[in-house]
Amino acid sequence: MKIVIASAPATVANVNAGFDILGFSLSGLADQVSVRTIPEKIVRIKKIIGGDDLPLEPDKNTAAVPLLEMIRGERLSHGFEIEIKKGIPLASGLGGSAASAVAAVVAANQLLKKKLDNQKLFYYALLGEAVASGGLHGDNIAPALYGGITACLKDSEGKFQVVPVSCPVKLYCTIFHPQFALETKKARGVLKENILLKDYIQQSMHLTGLLLGLQSGDYDLIKLHTRDVIITPQRKFLMPFYDHFLPDLEKTNSLGFGISGAGPSLFSLSKTKKDAHQIQELLLVLSKKYKIPGEVYVAQVGLARPTITFVKVKA
Ligand code: HSE
């Protein structure tokens, strides 16, 4: 009997102005899913390690839903038994549900007679992410599956396309993960349906500036445009520490900071590892000062991608 174990990395979605579009992968934090085939055309969740609050019912679980859809969509003659090991904190804004969904499809794909391409894997993983977030957006799924920095685009017919954003310079990310959970559905629920034209124009400038800055490796452009005038102002009340941390972060060499995904984690970009570690020190001080317990990580932007391990066991 063959078991395939895949892991998929944590991700930072939005990157401020790229709400539901931009994302990048983070090394050091990942979810792992082990998959084996079973004769019944179902998905059975054997165990979830590190995620006591996660549902064991397959149709409610972000790793199982993509495989249920795969069984149906690919007309498979078998099902899957899975074991999920959560390495990414739950409801942290670090793309945990996307990582579980991606790890599940990447592992299951290795057990298929006819392998699926990344576009199909993306589609099935997206359906899993939707269970957690309540919306169809691929800004965490895309970098978790492809690695790097990605733009996840949707056309007017609802078809997704993932475009890699090349960046010729190194970027480092410091993450502050406060020890409280924030459900993506809740953070999406506070957003207004309409925006002002002036905000639309400013946000478009920020997204354009950030993308051009990344693609040309222009740190000044990145610094000017890693900003968000639409989503963060509406969400930051869910992260009361945000405004307390802001003045001190503005005095650092950060190239820009903001809410990671739907929050509550905070990300900050840096030119060098040294700057990223200085920001880490500062965030640890601020965490103590404002009594917001949390962990702080440093990782290089975009290096991580899924990994696969094959295990043979006696049936
Ligand atoms: N773009 C999403 C949001 C990311 O901010 O709601 C969370 O999964």
Side-chain angles (χ1 to χ4, degrees), residues 10-19 22-24 26-29 89 92-94 149 167-180 182 187 199 202-203 205-303:
T11 46
V12 170
N14 299 338
V15 201
N16 282 355
F19 181 69
L22 272 187
F24 58 78
L26 280 177
S27 27
L29 280 178
S92 60
L94 297 172
I149 308 174
C167 181
V169 293
K170 277 186 188 166
L171 282 173
Y172 293 88
C173 181
T174 312
I175 293 284
F176 172 65
H177 166 232
Q179 277 166 4
F180 66 88
L182 175 57
D199 290 339
Q202 188 60 63
Q203 192 86 337
M205 286 185 188
H206 287 323
L207 182 54
T208 309
L210 175 58
L211 283 171
L212 292 173
L214 289 170
Q215 293 222 303
S216 61
D218 183 331
Y219 289 122
D220 293 333
L221 260 185
I222 295 172
K223 187 165 180 162
L224 268 179
H225 294 290
T226 307
R227 287 172 200 268
D228 170 18
V229 296
I230 294 177
I231 307 297
T232 304
Q234 297 183 65
R235 273 183 173 167
K236 66 180 184 179
F237 80 94
L238 297 166
M239 290 141 247
F241 63 91
Y242 189 86
D243 278 333
H244 295 309
F245 285 19
L246 206 74
D248 286 304
L249 273 170
E250 270 168 353
K251 288 182 211 140
T252 65
N253 284 338
S254 173
L255 291 175
F257 49 85
I259 300 168
S260 174
S265 292
L266 196 84
F267 78 95
S268 162
L269 296 178
S270 292
K271 213 191 275 195
T272 65
K273 208 189 252 184
K274 193 170 161 225
D275 286 348
H277 281 292
Q278 267 168 6
I279 292 164
Q280 177 179 34
E281 292 305 311
L282 171 70
L283 286 166
L284 287 169
V285 171
L286 294 176
S287 149
K288 273 208 189 99
K289 182 172 167 190
Y290 293 105
K291 298 191 174 52
I292 310 286
E295 292 115 25
V296 192
Y297 317 93
V298 171
Q300 194 178 324
V301 168
L303 273 193

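Computed from a prediction, not measured in an experiment: that's the story for all the values here.
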Taking side chain as C-beta onward, heavy atoms only, is [X] less than 4.5 Å from [Y]?
X: Met239; Y: Pro178; answer: no
X: Leu94; Y: Leu26; answer: yes
X: Thr232; Y: Phe19; answer: no
X: Leu210; Y: Leu224; answer: no
X: Leu171; Y: Leu214; answer: yes

Just how far is it from atom [atom1] of [X] to atom [atom2] of [Y], taken to the nearest 0.5 Å?
X: Leu221; Y: Leu255; atom1: CG; atom2: CG; answer: 11.5 Å
X: Leu249; Y: Leu283; atom1: CG; atom2: CG; answer: 5.5 Å
X: Lys223; Y: Asp218; atom1: NZ; atom2: CG; answer: 12.5 Å
X: Phe237; Y: Arg235; atom1: CZ; atom2: CZ; answer: 10.0 Å
X: Leu29; Y: Ser265; atom1: CG; atom2: OG; answer: 9.0 Å
X: Tyr172; Y: Leu303; atom1: OH; atom2: CG; answer: 8.0 Å

Counterpart residues, ring pair (Phe, Tyr, Trp, His ring centres under 6.0 Å), relative to [X] (two or more places apart):
X: Phe257; result: none
X: Phe241; result: Phe176, Phe245
X: His225; result: His206

Please name the pair of heavy atoms, one in [X] and one in [Y], separated by the smallest distance, quoted to 0.1 Å.
X: Cys173; Y: Val301; result: CB-CG2, 3.8 Å
X: Ala262; Y: Leu182; result: O-CD2, 3.4 Å
X: Ala187; Y: Leu238; result: CA-CD1, 3.9 Å
X: Val15; Y: Phe267; result: CA-CZ, 3.9 Å

Test side chain to side chain contact (heavy atoms under 4.5 Å, CB included) applied to Val12 and Ile175, step by step: CA-CA 9 Å; Val12 170; Ile175 293 284; 3.7 Å; yes
[X]: what forms a side-chain hydrogen bond (donor to acceptor under 3.5 Å, both in side chains) with it, not counting sequence neighbours?
X: Asn14; answer: none
X: Gln179; answer: Glu295
X: Gln203; answer: Asp228
X: Ser268; answer: Ser254

Test item: Ser260 side-chain N/O and Leu266 main-chain N/O as donor-acceptor pair under 3.5 Å: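 Checking the backbone N and O of Leu266 against the side chain of Ser260, no donor-acceptor pair under 3.5 Å is found.
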Heavy-atom donor-acceptor pair, Asp199 side chain to Ile230 backbone, under 3.5 Å: no
Checking [X] now: which residues fulfil side chain to side chain contact (heavy atoms under 4.5 Å, CB included) with it, not counting sequence neighbours?
X: Gln280; answer: Thr174, His277, Leu284, Val296, Val298
X: Val169; answer: Cys167, Tyr219
X: Leu207; answer: Ala17, Ile21, Leu22, Leu211

Of all pairs that satisfy side chain to side chain donor-acceptor pair (under 3.5 Å), the ones with a partner from residues 239-252, not counting sequence neighbours: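 Listed by first then second residue: Lys236-Asp243.
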Residue pairs fulfilling salt bridge (Lys or Arg N to Asp or Glu O under 4.0 Å) with at least one residue in residues 266-279, sequence neighbours excluded: none
